[in-house]
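Presented below is the structure to which this report refers.
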Amino acid sequence: LLNGVANDGELIDDAIKMARLICKNSPVGVQLSKRALQANMEITSFASAIELENRGQALLTRGSDFREALNALQQGRAPVFPGK
């Protein structure tokens with residue numbers, strides 16, 4: 001999985017920037033994404049991978065973090081996720 005290439009001497013700075021972006025997201029969403037990435041290493045079909053992702057998305061819409069994300073977007077502010 002590749003989403004960028006770092007120039008010489010910029011790897012650590014780029015990694016820290018990426019980590020900061022990830023940390024701005026819902027902790028529950030990040031956790032489910034990590035689990036999906038790990039599980040997809042063993043899934044043999046694209047359809048199964050999509051089904052796993054769809055289940056994760058459906059679960060996330062029922063949590064407090066989803067409501068907080070919507071409220072923050074409507075109010076024009078950064079979300080403060082409760083992690084639920």
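Remember, predicted model here, so these are calculated numbers, not experimental data.
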Which residues pass the salt bridge (Lys or Arg N to Asp or Glu O under 4.0 Å) test with E53, not counting sequence neighbours?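 Scan of E53 (salt bridge (Lys or Arg N to Asp or Glu O under 4.0 Å), adjacent residues dropped) gives none.
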
With sequence neighbours excluded, residues passing salt bridge (Lys or Arg N to Asp or Glu O under 4.0 Å) with R77: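 Result, salt bridge (Lys or Arg N to Asp or Glu O under 4.0 Å) vs R77: E68.
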
What are the two closest non-hydrogen atoms of [X] and [Y], and how far apart are they?
X	Y	value
A78	A72	C-CB, 4.0 Å
P79	A69	CB-CA, 4.5 Å
I43	A49	CG2-N, 3.8 Å

For residues 20-36, dump all side-chain donor-acceptor pairs below 3.5 Å to protein atoms at least two apart in sequence or in another chain.
residue	atom	partner	partner atom	Å
N25	ND2	L21	O	3.0
N25	ND2	I22	O	3.4
S26	OG	V28	N	3.3
S26	OG	G29	N	3.1
S26	OG	D65	OD2	2.5
S33	OG	G29	O	3.0

L70 CG to Q75 CD distance, which is reported to the nearest 0.5 Å: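 Going from the CG atom of L70 to the CD atom of Q75 covers 10.5 Å.
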
Measure the spacing between CG of L59 and OG1 of T61 and express it to the nearest 0.5 Å.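 So the CG of L59 and the OG1 of T61 are separated by 7.5 Å.
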
Any pair counted as salt bridge (Lys or Arg N to Asp or Glu O under 4.0 Å), so long as it reaches residues 38-52, sequence neighbours left out: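 Applying salt bridge (Lys or Arg N to Asp or Glu O under 4.0 Å) to every pair that reaches into residues 38-52, excluding sequence neighbours, yields E51-R55.
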
Running the 4.5 Å side-chain criterion over Ile, Leu, Val, Met, Phe, Trp and Tyr, what cluster does F81 land in, apart from itself?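 Result for F81 is none, singleton.
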
Partners of S45 by side-chain contact (heavy atoms from CB on, under 4.5 Å), sequence neighbours excluded?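 In terms of side-chain contact (heavy atoms from CB on, under 4.5 Å), with neighbours along the sequence ignored, S45 is linked to A47, S48.
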
